[in-house]
Structures are given as structure tokens and as C-alpha cells.
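Just passing along the structure, written as C-alpha cells.
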Amino acid sequence: MAETLKTISTRCSTRSYKPEPVPRDIIDKITEAGTKAASGMNRQSAIILVVDDPEVRNELSRINAAVMNSDKDPFYGAPTVAVVLADKSVPTYIYDGTLVMANMMLAAEELGVGSCWIHRAKEEFESEYGKNLLKKLGIEGDYAGIGNLILGWPEGEKPVPKEHKADYVYHI
Ligand SMILES: Cc1cc2nc3c(=O)[nH]c(=O)nc-3n(C[C@H](O)[C@H](O)[C@H](O)COP(=O)(O)O)c2cc1C
């Protein structure tokens, strides 16, 4: 099978991680794949925040968990979180950001890095903490959180990719 198709079919979400962070050069390959995503009218409305500072990672985790009234780590112990945000003034911002997430998930799979999309990035960056974080980075504009891509070395057996539903595709 061609390499891309193989990567697509073996990808699955990882929810158990080793604490050691993935080296920067590998993370860079993953984010690079994100930056290559197509975007509406090539507006490239998305940005990626790579968070591996434990203090920031843990605060985002806390805000995320609070949305669900949980005190568990929604990032499943993953040492790195690549948060995708996108500029709300661009009509295709949600689609643009989602495609960045998908490209990064596939790149992670190909490089043997575990990943999982974690929801509620929107709420993280609607919080004062999230807004200040962007401000400190000098990021201006109206950015919405699209998704958190947690990244790390998988712990234990690789999960089995999910079967897709029978009535997924229709031919006309
Ligand atoms: C938009 C979106 C939001 C998701 N949010 C979460 C989440 O908050 N927590 C989680 O554990 N998994 C989350 N996932 C992962 C899905 O549960 C997972 O992709 C799905 O069960 C299919 O499994 P697979 O990724 O192994 O194919 C999310 C996935 C998507 C696409």
C-alpha cells in the first residue's frame, strides 16, 4: 500500500503516554505538516502553539478539565500539546484549523508519535489565561481555539484502528 494510505489506515488516538517529551526536531516535522495544509483561498488562518512548558500545559489542562467539571488530566499525561487556533475573521477558519489538525495527526502517526485530538480548545482560549497567553506571544486578532493535539511517545500496546461504519460512502 502507498505510504500515505498506510499511515491513514494505521492512525488511531493514543490515550496513554510516556512522560519523556518527543525531541524538538520530530515535533517540528509534525507542525511543518500542519503548515502545509490547504486553506480557504490560501488565507492560512490557523496558527499552532506548541506547548511543552509544564506550567502552561498543566494550566490549559486544568481549564479544559473545568469545562467538564472534572479534575482528571484531559491530556492523558501527554508531555506536549499542539494547540491549533484560527482567525475568526476568515470565513473558513474552522475548516482551515481542522485540516491542520488532521495533517499533524497523520505526520505524528508516520513518525511513531502518539496523538489524540482533545476538544475544548475554544473554551481554553476564551479564558483570561488563554487570552493573556496570546497577548504575551504578541498574537493579535480574534483567534478561536480549534483543537488540542496531544503528542508524546505511546505507553503500552498500540490501540487497534477503529472500523468505519458500513454506510459511510454513497455513489451516485
Ligand atoms: C473534534 C474531535 C474532538 C475530540 N475530542 C476528544 C476529547 O476531548 N477527548 C478524547 O479522549 N478524544 C477526543 N477525540 C478523539 C476521538 O474520540 C477519536 O478520534 C475517535 O474515537 C475515533 O478514534 P480514532 O482517533 O482512534 O480513530 C476527538 C476527536 C475529534 C475529531
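FYI, side chains are in, hydrogens and waters are out, and symmetry mates aren't considered; it's all heavy atoms of this structure. Read the numbers this way: they start at 1 and go in the same order the structure lists the ligands and their atoms.
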Just to confirm my output: which protein heavy-atom neighbour is closest to atom 18 (C) of ligand 1, and how far is it? Ser13 OG, 3.6 Å
Is there a heavy atom of Met105 sitting under 4.0 angstrom from any atom of ligand 1? no
Asn148 (side chain) donor-acceptor with Ile118 (main chain) under 3.5 angstrom: yes
Which residue owns the protein heavy atom closest to atom 11 (O) of ligand 1, what's the atom, and how far is it? Tyr76 OH, 2.6 Å
What distance separates Glu32 CD from Asn103 CG, expressed to the nearest 0.5 Å? 11.0 Å
Exam field: side chain Ser39 to backbone Gln44, donor-acceptor pair closer than 3.5 Å: yes
Shortest protein heavy-atom distance from atom 16 (C) of ligand 1, along with the residue and atom involved: Arg15 NH2, 3.6 Å
Considering the heavy atoms of Arg120, write down every atom of ligand 1 situated less than 4.0 Å from one of them. 8 (O)
If you measure only the distance, is there a donor-acceptor pair under 3.5 Å linking the side chains of Thr7 and Glu109? no
Expected output: side-chain Ser127 to main-chain Gly130 donor-acceptor under 3.5 Å: yes
How about atom 13 (C) of ligand 1: does it have a protein heavy atom within less than 4.0 Å? yes
Can a salt bridge be assigned to the pair Glu124 and Arg120 using a cut-off of 4.0 Å between side-chain N and carboxylate O? no
What part of Pro161, side chain from CB on, backbone N/CA/C/O, both or neither, has a heavy atom under 4.0 Å from ligand 1? neither
Atoms in ligand 1 flagged as close to Cys12, the criterion being non-hydrogen separation under 4.0 Å: 26 (O)
How close does the nearest protein non-hydrogen atom get to atom 9 (N) of ligand 1, and which residue and atom is it? Ile118 CD1, 3.6 Å
If you have a sec, work out which protein heavy atom is nearest atom 23 (O) of ligand 1 and how many Å separate them, to one decimal? Lys162 NZ, 3.3 Å
the protein heavy atom lying closest to atom 3 (C) of ligand 1 turns out to be Trp117 CD1, 3.4 Å
Could you tell me the residue and atom name of the protein heavy atom closest to atom 27 (O) of ligand 1, and the distance to it rounded to 0.1 Å? Arg11 NH2, 2.9 Å
Could you tell me whether Glu59 and Arg62 make a salt bridge, using a distance below 4.0 angstrom between a side-chain N and a carboxylate O? yes
Under 3.5 Å: donor-acceptor pair, side chain of Asn64, backbone of His119: yes
